[in-house]
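Accompanying notes for the structure given below.
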Amino acid sequence: MTLSDTDLDFLVATVADAGETEIMPRFRNLSASDISEKTSTVDLVTEADVRAEKRITAALLERFPGAHIVGEEAYDADRSVVPALVDAPLAFVIDPIDGTFNYAAGFPAFGTLLAVTVKGETVAGIIHDPVMGDTIVSMKGAGATLKPKGGSDVKLCVAKPVDLSQMVGVFSWGHSFEERRPIIAANMTKAKMALALNCSAHEYWLVSSGKLHFIGHEKLMPWDHLAGVLTHQEAGGYTAKFDGTPYRPGDLTGGILSAPDKDSWKMLRREIVGL
């Protein structure tokens, strides 16, 4: 299936609508009963996550009946939905609020991620910032574009390669295997500056617009990465799993690293990931 410009406009409008109706009205207005722990005190779900995902899902199924839907909040009820991405003729992968810990804490660094896959290939990605109302849209083979609310479209481009000592980057070592955390944390001191955003949406936003040089993750869930990886690649960057293979829908292991180019990726894999 090929998405039309009208389809893409619909997807952008759908995530923006969820932001306006479900996410922002509850931001800094959540009660204790609106926030629940999933696996830990930093892995949270809120009433806004659940309602936004349901709203987006309903809109997608109305326009694309029979599409395969993978939502972060519905995942625990049926974990077979992720492996099914490999063969699904048309699938949508939703993270209604990426950065829920930030959202629940009242910190405005969160976003909505939506990826479109066709038979195991990511063909479109949307990263939406509900706070500012801006959206990044990427299409396979067509580049990545920032669509500011009320502004003019801007084509995105990753940062130019520089020495590691001059790089600014993010590595989510808190989600790494316990024995690897001190290694990666220590290696990050080789960079000019290391950030921690706890939000894949904004990490991919910044690395795809040239504000960061690299980002790395060992925990792979499709709603966190599919839209962002496509966006980074369409902005001219190089992303691959730690073993050098492409990151694809359905992959849950192996870690991924995003860099300005392949040579930088190899250097970062050695100097930061330590492989």
Side-chain angles (χ1 to χ4, degrees), residues 1-4 7-8 10-12 14-15 49 52-53 56-57 59-61 63-99 111-128 135-144 172 175 199-201 203-205 207-208 215-259 265:
M1 175 182 177
T2 301
L3 292 177
S4 67
D7 290 333
L8 203 59
F10 167 79
L11 297 178
V12 172
T14 296
V15 296
D49 292 82
E53 182 170 302
I56 294 170
T57 298
L60 291 174
L61 290 177
R63 186 176 181 94
F64 305 97
H68 183 63
I69 306 293
V70 179
E72 178 182 9
E73 307 313 331
Y75 171 65
D76 284 336
D78 182 6
R79 298 200 168 197
S80 69
V81 295
V82 170
L85 286 170
V86 174
D87 300 311
L90 175 65
F92 297 93
V93 183
I94 311 162
D95 192 341
I97 303 179
D98 180 72
T112 300
L113 292 162
L114 177 65
V116 186
T117 72
V118 174
K119 296 181 179 179
E121 181 180 24
T122 308
V123 299
I126 293 172
I127 307 175
H128 179 66
T135 308
I136 290 177
V137 179
S138 57
M139 284 284 287
K140 184 73 173 180
S172 299
H175 294 295
C199 177
S200 293
E203 291 172 12
Y204 281 112
W205 190 299
V207 79
S208 299
I215 57 175
H217 304 84
E218 285 195 306
K219 180 181 178 182
L220 303 187
M221 299 308 291
W223 45 81
D224 288 328
H225 302 294
L226 288 177
V229 167
L230 178 65
T231 298
H232 181 253
Q233 291 171 332
E234 289 298 318
Y238 184 84
T239 294
K241 295 174 67 175
F242 291 167
D243 64 1
T245 59
Y247 170 65
R248 299 189 183 282
D251 287 349
L252 292 175
T253 60
I256 51 175
L257 181 64
S258 299
W265 183 91

Problem - With Arg63 via side-chain hydrogen bond (donor to acceptor under 3.5 Å, both in side chains) - residues at least two apart - result: Asp7
Exercise for the section: Scan for salt bridge (charged side-chain N to carboxylate O under 4.0 Å, His left out) pairs involving residues 72-84, sequence neighbours excluded, and state none if there are none. Expected result: Lys38-Glu72, Lys38-Glu73, Asp76-Arg79
Handout entry: Smallest separation among heavy atoms of Leu8 and Met139, with atom names
Key = CD2-CG, 3.6 Å
Handout entry: Partners meeting side-chain contact (heavy atoms from CB on, under 4.5 Å) with Lys219 (sequence neighbours left out)
Key = His175, Met221
Handout entry: Pair Tyr247-Leu257, side-chain contact (heavy atoms from CB on, under 4.5 Å): steps then yes or no
Key = CA-CA 10 Å; Tyr247 170 65; Leu257 181 64; over 6 Å; no
Problem - 4.5 Å side-chain heavy-atom contact, Pro222 and Leu252 - result: yes
Practice task
Would you check if His68 and Leu85 make a side-chain contact, meaning some heavy-atom pair closer than 4.5 Å?
Solution key: yes
Exercise for the section: Nearest 0.5 Å please: distance from the NE2 atom of His225 over to the CG atom of Asp98. Expected result: 8.5 Å
Exercise for the section: Return each pair, listed once, that meets salt bridge (charged side-chain N to carboxylate O under 4.0 Å, His left out) where at least one residue sits in residues 237-256; pairs must be two or more places apart or across chains. Expected result: Lys241-Asp251
Problem - From Tyr204 atom OH to Ile215 atom CD1, the distance as rounded to the nearest 0.5 Å - result: 4.5 Å
Handout entry: Over all atoms of both residues, closest heavy-atom pair of Cys199 and Gly99
Key = CB-CA, 4.2 Å
Problem - Verdict with reasoning, Val15 to Leu113, per side-chain contact (heavy atoms from CB on, under 4.5 Å) - result: CA-CA 8 Å; Val15 296; Leu113 292 162; over 6 Å; no
Fill in the blank from the handout: With sequence neighbours left out, the residues meeting ring-ring contact (aromatic ring centres under 6.0 Å, His included) with Tyr75 are Trp223
Practice task
Under the side-chain hydrogen bond (donor to acceptor under 3.5 Å, both in side chains) rule, collect the residues that match up with His217, sequence neighbours excluded.
Solution key: Glu203
Exercise for the section: Could you pull out all residues at least two apart from Asp224 that satisfy side-chain hydrogen bond (donor to acceptor under 3.5 Å, both in side chains)? Expected result: none
Practice task
Taking the side chain as every heavy atom from C-beta outward, state whether Leu114 and Thr14 have any pair of such atoms under 4.5 Å apart.
Solution key: no
Practice task
Return the minimal non-hydrogen interatomic distance between Leu61 and Ala67, and the atom names on each side.
Solution key: CD2-O, 3.7 Å
Handout entry: Closest heavy-atom pair and its distance - Ile127, Ala201
Key = CG2-O, 3.6 Å
Exercise for the section: To the nearest 0.5 Å, tell me how far Thr112 OG1 sits from Ile97 CD1. Expected result: 6.5 Å
Problem - Closest non-hydrogen atom pair between Thr122 and Ala115, with its separation - result: CG2-CB, 4.4 Å
Handout entry: Contact check, side chains of Val82 and Val70, non-hydrogen atoms, under 4.5 Å
Key = yes
Problem - Pairwise distance CG(Leu60) to CZ(Phe10) - rounded to 0.5 angstrom - result: 6.0 Å
Completion exercise
When rounded to the nearest 0.5 Å, the distance separating CD1 of Ile256 from CG of Leu220 is 5.0 Å
Could you pull out all donor-acceptor pairs under 3.5 Å where a side-chain atom in residues 227-238 meets a protein atom, sequence neighbours excluded?
residue : atom : partner : partner atom : Å
Thr231  : OG1  : Ser138  : OG           : 2.9
Thr231  : OG1  : Ala227  : O            : 2.8
His232  : ND1  : Thr239  : OG1          : 2.9
His232  : NE2  : Ala259  : O            : 3.4
Glu234  : OE1  : Gly141  : N            : 3.2
Glu234  : OE1  : Ala142  : N            : 3.2
Glu234  : OE1  : Gly143  : N            : 2.7
Glu234  : OE2  : Gly141  : N            : 2.9

Handout entry: Listed partners of Thr135 passing side-chain contact (heavy atoms from CB on, under 4.5 Å), at least two apart
Key = Val12, Ile126, His128, Val137
Problem - Which residues share a ring-ring contact (aromatic ring centres under 6.0 Å, His included) with Phe92, sequence neighbours left out - result: Phe64
